[in-house]
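A short write-up of the structure that comes next.
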Amino acid sequence: MNSKMRELRRVRGWSQQELADRLAVSRQTINSIETGRYEPSLTLAFRIARLFGLPIEGVFSPDE
């Protein structure tokens with residue numbers, strides 16, 4: 001799965017730790033999602049999308 005999370009986070013001026021705090025996850029989880037080493041659960045994906053004010057498809061897309 002591809003993620004636009006890093007770009008969305010940077011536009012808002014948030015560090016990985018700030019985003020992690022807002023989502024109640026670890027900074028390592030954010031890093032792993034951003035680098036493609038970890039795919040979030042559906043629940044977490046919805047929370048991420050909601051935080052950015054986007055549909056899930058606005059944050060995540062399937063690998064081609």
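Heads up: numbering here begins at 1 and tracks the sequence.
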Exercise. Stepwise, does the side-chain contact (heavy atoms from CB on, under 4.5 Å) test hold for Ile33 with Phe60?
Worked result: CA-CA 10 Å; Ile33 294 170; Phe60 301 100; 4.0 Å; yes
Exercise. Tell me, do Leu8 and Ile48 make a side-chain contact under 4.5 Å, heavy atoms counted?
Worked result: no
For this session: Give a yes or no on whether the backbone of Met1 and the side-chain of Glu39 come within a donor-acceptor separation of less than 3.5 Å.
Result: yes
Exercise. For the hydrophobic clusters of this structure (ILVMFWY residues joined by side-chain heavy atoms under 4.5 Å, transitively), does one cluster hold both Leu42 and Val25?
Worked result: yes
For this session: Can you tell me which residue pairs pass the salt bridge (Lys or Arg N to Asp or Glu O under 4.0 Å) test with a partner in residues 3-20, sequence neighbours excluded?
Result: Arg6-Glu34, Arg9-Glu34
Seminar exercise, completed: Those residues at least two apart in sequence (or on a different chain) that pass side chain to side chain contact (heavy atoms under 4.5 Å, CB included) with Asp21 are Gln17
For this session: Work out which heavy atom in Asn2 is nearest to a heavy atom in Pro62; give both atom names and the distance.
Result: ND2-O, 3.6 Å
Problem set entry | Pairs meeting criterion ring pair (Phe, Tyr, Trp, His ring centres under 6.0 Å) with involvement of residues 9-35, two or more places apart | Trp14-Phe52
Seminar exercise, completed: By side chain to side chain donor-acceptor pair (under 3.5 Å), Thr29 pairs with (sequence neighbours left out) Ser26
Seminar exercise, completed: Hits for side chain to side chain donor-acceptor pair (under 3.5 Å) against Arg50, two or more places apart or cross-chain, chain-then-number order -> none
Exercise. To the nearest 0.5 Å, what is the distance between CD (Gln16) and CG (Leu19)?
Worked result: 8.5 Å
For this session: Could I get the full list of side chain to side chain donor-acceptor pair (under 3.5 Å) partners for Ser41, not counting sequence neighbours?
Result: none
